[in-house]
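One structure is given below, encoded as structure tokens.
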Amino acid sequence: MTAPGSLDRSLRERAAQVIPGGMYGHQSTALLPDGYPQFFSGGQGAHLTDADGRRYLDFMCAYGPNLLGYAHPGVDAAYIDQLRKGDALTGPTPAMVALAEAFTGMVTHADWALFCKNGTDATSMAMVTARAHTRRKTLVLAKGAYHGAAPWCTPRPAGTTPEDRANQVFCTYNDIDSLEAAVARAGDDLAAIFAAPFRHDAFVDQVEVDPAYAHKARELADRTGALLVVDDVRAGFRVARDCSWSAVGVQPDLSSWGKCIANGHPISALLGNDKARAAAASIYVTGSFWFAGAAMAAGVATLKLIRESDYLERIEGLGARLRHGLAERASGAGFGFRQSGPVTMPLFLFDDDRDLAKGFAWCSAMLGRGVYVHPWHNMFLCAAMTEADIDVALDAAEASFDDLKRNRAEIRPAAKMAFLTAG
Ligand SMILES: *Cc1c(COP(=O)(O)O)cnc(C)c1O
């Protein structure tokens, strides 16, 4: 098994002194299999280079931001051009209006856009907009869905109060009865129904949305006067060139976007329809960097490529090649290996692997062969990948399944699970 390189190890030691816990959030050491590097020096196209100079074919894509390839020349040229002219200025650049026009031109339900920096900003603004619109408090959310790391939604509640999460009612994703029951519990206080475009919770198989559930959410929002919010921060533009629920014919009132909308440059967005426009104009939302022009210019360039290139069809083709090839190799090696979610956002879980021991061991073996995959979070394909890259991943997968079968890989319960599942 590969160990992290010496530079990575020394960076971890230094970080342990000056960064609480050595690292935070989704890069916490405890969340990654053995041997995974924590520090990186660069990315080019579909490849990532760690601090020790090891190169990987990267199926995490920065946890979503990399859509067209790291260091995309066209997007980065737009970014750098605006950076040279001026980035964070006293007010926004013309790119802000161009970006709002591009979004509203592409996303069916959207009549306006507000820009911010992180996905959490966008989902939090959706919450506030819905409460301002309805003058009500209660949110209906699906259990286990991720909407960000603010006190009202963070999955690890240390440091938050019950009051931060007051006025929330939970349902089960895709379960119409539980959605109706949650809406009934909210009574005449329902402000918004939040929905993920499909179930992409960590640790469990991904599930596509049941169109009847999406239509029911729309109907319940209309019946109660609440707003329907689709959180497209992660899936946006990886399943459609529109809001993800347009594929099932449902248009939300609000949608939140982030991650890949400027191909890695820091910007996120809340999009809304005319019904929600006055409320969105009434809330006070801003940030020191929210008007910075370079990421907006990168967003304009990214959206143009999304509209005009075949990036989506290409990542769908590559994703299908990966899915079929992995299914063949896993069954050839005798493993029950579940692949779920859209082919452009795959998640892999082994059967009979409650403690993720097989998953962690297989991922470590893949990493040793230069392919960066994740044992419990969905992954992403980017348009810089080629069929040859997918074939490299399939060869690595075949050899890694073989390692597991012949006990060449160390399979032991991930001690990490306690951390992962702790409140
Ligand atoms: C990542 C994510 C967020 C939060 O976005 P940040 O940029 O990390 O704040 C919200 N919702 C979903 C579905 C996400 O995947």
Side-chain angles (χ1 to χ4, degrees), residues 103 107 109-157 159-171 173 179 182-183 185-197 199-201 214 217-218 220-236 243-245 250-259 261 267-287 290:
F103 261 116
V107 175
H109 84 89
D111 296 313
W112 52 262
L114 288 173
F115 299 108
C116 35
K117 281 288 148 189
N118 272 289
T120 309
D121 300 332
T123 56
S124 299
M125 284 197 322
M127 168 180 75
V128 175
T129 300
R131 286 178 172 163
H133 174 76
T134 57
R135 297 171 193 277
R136 305 178 197 153
K137 293 187 293 225
T138 302
L139 314 176
V140 164
L141 306 147
K143 276 192 291 286
Y146 187 69
H147 296 300
W152 70 272
C153 57
T154 176
R156 289 172 62 90
T160 67
T161 67
E163 291 78 11
D164 291 323
R165 290 154 191 274
N167 311 306
Q168 299 182 355
V169 179
F170 289 87
C171 67
Y173 195 82
L179 176 64
V183 167
R185 238 174 310 143
D188 57 9
D189 190 47
L190 183 66
I193 299 172
F194 269 69
R199 195 183 75 182
H200 51 41
D201 309 347
R218 180 69 271 174
L220 290 169
D222 288 339
R223 194 198 298 161
T224 58
L227 297 187
L228 177 62
V229 183
V230 168
D231 179 3
D232 240 338
V233 169
R234 188 180 314 181
C243 182
S244 297
W245 271 13
V250 173
Q251 300 302 335
D253 301 300
L254 301 173
S255 58
S256 48
W257 298 72
K259 302 220 157 95
I261 65 173
I267 186 160
S268 59
L270 177 68
L271 308 185
N273 60 14
D274 278 331
K275 196 203 293 182
R277 188 191 289 263
S282 75
I283 61 175
Y284 185 77
V285 284
T286 189
W290 285 20

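Just so it is clear, the structure is predicted and the values come from calculations on it, not from any experiment.
Rounding to the nearest 0.5 Å places NZ of K275 at 11.5 Å from NE2 of H109. We find the CG-CG distance between D253 and N273 to be 4.5 Å, quoted to the nearest 0.5 Å. Note: L254 CG to L228 CG = 8.5 Å, rounded to the nearest 0.5 Å. A distance of 9.0 Å separates NZ of K137 from CZ of R131, quoted to the nearest 0.5 Å. Expressed to the nearest 0.5 Å, how far CZ of R136 lies from OG1 of T138 amounts to 9.5 Å. A distance of 5.5 Å separates CD1 of I193 from CG of L179, quoted to the nearest 0.5 Å.
A donor-acceptor contact under 3.5 angstrom links the side chains of S256 and D231, judged on distance only. Inspection of the T161 and D164 side chains reveals an N or O donor paired with an N or O acceptor under 3.5 Å. In the model, D232 has no side-chain atom that pairs as donor or acceptor with a side-chain atom of S255 under 3.5 Å.
Proximity of T134 to L190: side-chain heavy atoms (C-beta onward) are nowhere separated by under 4.5 Å. Side-chain contact check for Y146 versus R234: some heavy-atom pair is nearer than 4.5 Å. Counting heavy atoms from C-beta outward, R165 and T154 have side chains that approach closer than 4.5 Å. At a threshold of 4.5 Å between non-hydrogen side-chain atoms, the residues I267 and W257 do not count as touching.
Counting all heavy atoms, side chain and backbone alike, R218 lies closest to Q251 at NH1-O, 2.9 Å. In this structure, L270 and A122 approach most closely via the heavy-atom pair CD1-O, 3.8 Å. F194 and A126 get closest at one heavy-atom pair: CZ-CB, 4.1 Å. The heavy-atom pair separating A182 from C171 by the smallest distance is CB-CB, 4.0 Å. Between M125 and C116 the shortest heavy-atom distance is CE-SG, 3.7 Å. Counting all heavy atoms, side chain and backbone alike, P155 lies closest to P157 at O-CD, 3.6 Å.
Below 30°, between 30° and 60°, or above 60°: for H147 and W152 the angle between ring planes is below 30°, a parallel geometry.
In terms of modelled atom types and a separation under 3.5 Å, the side chain of Y173 and the main chain of A196 share a donor-acceptor contact. Between the side chain of R135 and the backbone N or O of A191, no donor-acceptor pair lies under 3.5 Å. A donor-acceptor contact shorter than 3.5 Å is absent between the side chain of T120 and the backbone of G148.
When the side chain to side chain donor-acceptor pair (under 3.5 Å) test is applied to H133, no partner is found at least two apart in sequence or on another chain.
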Derivation and outcome, side-chain contact (heavy atoms from CB on, under 4.5 Å), residues V140 and F170: CA-CA 6 Å; V140 164; F170 289 87; over 6 Å; no
